[in-house]
There are 2 protein chains.
Amino acid sequence: MNGSRTKTQAGANLPALRHHNAALVLDLLRAAGAEGISRLELAEGTGLTPQAVSKITARLREDGLAAGAGLRPSTGGKPRTVLRLVPDAQFAVGLHLDRDGLTAVLVDLAGRPVAVTRAPLDLGAPADRVLADAADAVRDLCAAEPHKPVLGVGVAVPGPLDHRDGVLRRVTGFPQWDGYPLRAALAERTGLPVTLDKDTNAAALAVALALDEPRGDFAYLHLGTGLGAGLVLGGEVHRGARTGAGEFGHQTLQLDGPLCGCGGRGCIEALCLAAEARGDRAEAARVLGAGAANLVGLLGIDRVVLGGRTVAADEDAYVRGVRAVIEERAARGGAGTGVTVTVARGGDRPVAEGAAHLVLAPVFGRVGERVGGARG
Amino acid sequence: MNGSRTKTQAGANLPALRHHNAALVLDLLRAAGAEGISRLELAEGTGLTPQAVSKITARLREDGLAAGAGLRPSTGGKPRTVLRLVPDAQFAVGLHLDRDGLTAVLVDLAGRPVAVTRAPLDLGAPADRVLADAADAVRDLCAAEPHKPVLGVGVAVPGPLDHRDGVLRRVTGFPQWDGYPLRAALAERTGLPVTLDKDTNAAALAVALALDEPRGDFAYLHLGTGLGAGLVLGGEVHRGARTGAGEFGHQTLQLDGPLCGCGGRGCIEALCLAAEARGDRAEAARVLGAGAANLVGLLGIDRVVLGGRTVAADEDAYVRGVRAVIEERAARGGAGTGVTVTVARGGDRPVAEGAAHLVLAPVFGRVGERVGGARG
DNA sequence: GCACTTTGGCAACAGCGTTGCTTAAGTGGA
DNA sequence: TCCACTTAAGCAACGCTGTTGCCAAAGTGC
């Protein structure tokens, strides 16, 4: 099923228009959080007329997605009615299939986790076994909110894969997965729509949605046993044609440098991990910073977020080191002025939450809008 | 004037919908070239119903933007009517302000140049002088097609600048331009809408539109007296928040390498130009290839186009060298399988043409759609 | 208590793409 | 030569979008 054609750009019709504007409003409601936001602020934020916002929010309230939340103080006239998202109207499941463990999380529309399960997992086990474990985790989580609709399952996996087809490629260390149609298989077992993506992309999405500024460009750099990146451009995950984007670890940073496990020379991952291994954390941070600065200049990004176990071990050293390299380059007249460098809290948990966001993102218009099938 | 607000994402209304779909159809017409394209192919390409395409093309024909162009051979029924873009319905001016010369070109809707002027220029001269020269060039070109509408002027300039505000930053070598509102100044003198962008972005746009595949991701690498890049993602120029994206030349490729003019060490530009200066063209190409491969992995790009005077001097060597590095990395299991490496013909001329495309791109829906002002 | 400001819904409206149907313009077999 | 069939493309009616004009609701402040 789901024989989606992705040949060309999509024409838009009235249902698409309606969906687009509704998603925009929902995104602003989500960003406003428990505080809420008034109709006129929604109008200001979307560029729509207040009357259009009234109609759209009326539909959202009818669907149970939005609700009133008190009044603003008057400014000389009728006080504004505050609207807020109803977080527990719908839910999504996020699955993080890692090399040695399975983390599953049920999140509400606001992205807050309402149930989490963790279990050991052997990615080297037969596919059926892994699939059964994943499906069981999904079923158990759905039981936590028995009468609420679950929109779908987002799955984050380490290796290279094809997001569009939902097929795994040669996951590093587990080549037997190459070509396995994980999305279709899990969709059949759970009866839910499934979205597949790289773990770094999921983490990047989770971090991006947690930021204040709604639709900026930023990069998430993950330093754990390897080094990878997730890019969010214009509020959407940038995946490239074949989900190949974000290969950050094997960029050359030292021509003819030391040999890397990938067979190349002077890869940033090799340099960074080698420095960390010999205890020279400042050098590891400097190397990471050089790569981050390259990224900042190339994409004009103004926010870099670091994460992963290795970073978590000494957050300050990495943040300071990376920030120093970027600021030094900016001071020389290069790009990078005003770039923010921060760290993602929570270790690996953001990956599972981000996986759930893969499902939620389309609701908030954060993805190439499945508007394409105008005849759907 | 033009007090456009760019605060947030744009809500869409019916005029916006109409404009969007018309732009989509125009883009397909443009891509079809003189061959033309039938209504049903347009429907297939946009996802719209044939009836909608009929309505849209009827409007385009009424506006003089499209016209019939014969019939297809019948396949057993009524033969399809072929439609084509009317290239000389509208025009745009492209201006390339370089350090030592001014190239101006008048292009039609299809992007073909119909008039070109070149003149020496001293970017170090007073702003009024440069502005007058530019305005004169625009006026002369418009006289070439006296009775046809000119949509606007696109200006390509070397240095860092702000595309959104239309203000120059510290153009390398000519710091006196810092803060000069070139867009507003030229718009006032010519009475035409003006778009400002970096020369590499203009070149990238020109090359992207000349490709067959309509909306892919690709990178244009320009190696002349410096080394820069223009990125086209999803058919649109990627500029980043402050038009800073595309700083390719000063990415670190050799940690603690030789000193670069920018004050940094091991910048790819310094390495590449040094190799070229000592006659080691293979090494220069290899260095450029390493940077290109980094880019390919990071963004999942599947097409790299090289250009600039230095590349033009020995196209084969550079194409082969860059291709070799990318393919070697792909063979090791990294990204880069199936990446195409080609060279842009025509020396610097594409920059002026690309500048004109800055004006044409919105017509074909190739830009952040000025849909925002729903009330406009 | 009255004038004023501000919010927000009701009703009418123009205009979008879609649907159902008809007409136009070919092919190919009897 | 005629007729059945196929394919293309327009006409008319329709449902639905956001917009506009207007008015009721609900506050403040003199």
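Reminder, nothing fancy here: chain letters follow the sequence lines and each chain counts from 1.
- Between A/Leu17 atom CG and C/dT18 atom P there is a gap of 12 Å when expressed in whole angstrom units.
- The salt bridge (charged side-chain N to carboxylate O under 4.0 Å, His left out) test applied to A/Arg112 returns A/Asp108, not counting sequence neighbours.
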Which pairs of donor and acceptor atoms, one on a side chain in residues 75-86 of chain B, lie under 3.5 Å apart (sequence neighbours left out)?
none

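- Taking only side-chain atoms of B/Lys55, from C-beta outward, the nucleotide of C/dA14, D/dA8, C/dT18 with the closest atom is C/dT18.
- For A/Arg72, the salt bridge (charged side-chain N to carboxylate O under 4.0 Å, His left out) partners at least two apart in sequence or on another chain are A/Glu41.
- Atom-to-atom, CG of B/Leu40 to P of D/dT6 comes out at 17 Å; the value is rounded to the nearest Å.
- Proximity note for A/Arg39 (side chain, C-beta onward) versus D/dT19, C/dG9, D/dG15: the nearest is C/dG9.
- Residue A/Phe218 comes nearest to A/Ala204 through the heavy atom pair CZ-O, 3.3 Å, listed as atom of the first residue, atom of the second, then distance.
- As a whole-Å value, the separation of A/Leu24 CG from D/dG18 C1' is 14 Å.
- Residues passing the salt bridge (charged side-chain N to carboxylate O under 4.0 Å, His left out) test with A/Arg39: none are found, sequence neighbours excluded.
- Atom CG in A/Leu42 sits roughly 16 Å away from atom C1' in D/dG18 (whole-Å rounding).
- Of the options A/Leu48, A/Val53, A/Ile56, a side chain to side chain contact (heavy atoms under 4.5 Å, CB included) to A/Leu42 is made by A/Val53 and by none of the others.
- Distance A/Glu41 CD to C/dT7 P: 10 Å, rounded to the nearest Å.
- OP1 and OP2 of C/dG8 both lie 4.0 Å or more from every side-chain N or O belonging to A/Ser54.
- When rounded to the nearest whole Å, the span between CG of B/Asn21 and P of C/dG15 equals 17 Å.
- A/Lys148 meets the salt bridge (charged side-chain N to carboxylate O under 4.0 Å, His left out) test with A/Asp88; sequence neighbours excluded.
- If you measure from atom CG of A/Leu14 to atom P of D/dG15, you get 13 Å, rounded to the nearest angstrom.
- Residues from residues 71-85 of chain A placing a heavy atom under 4.0 Å of any atom in DNA chain C, listed by number, are A/Gly76, A/Gly77, A/Lys78, A/Pro79, A/Arg80, A/Thr81.
- C/dT7 atom P lies 14 Å from atom CD1 of A/Ile37, rounded to whole Å.
- Applying the 4.0 Å criterion to OP1 and OP2 of D/dA9, one finds that B/Arg61 has every side-chain N and O outside that range.
- Between the side chain of B/Gln51 and the base of D/dC11, a donor-acceptor pair under 3.5 Å is found.
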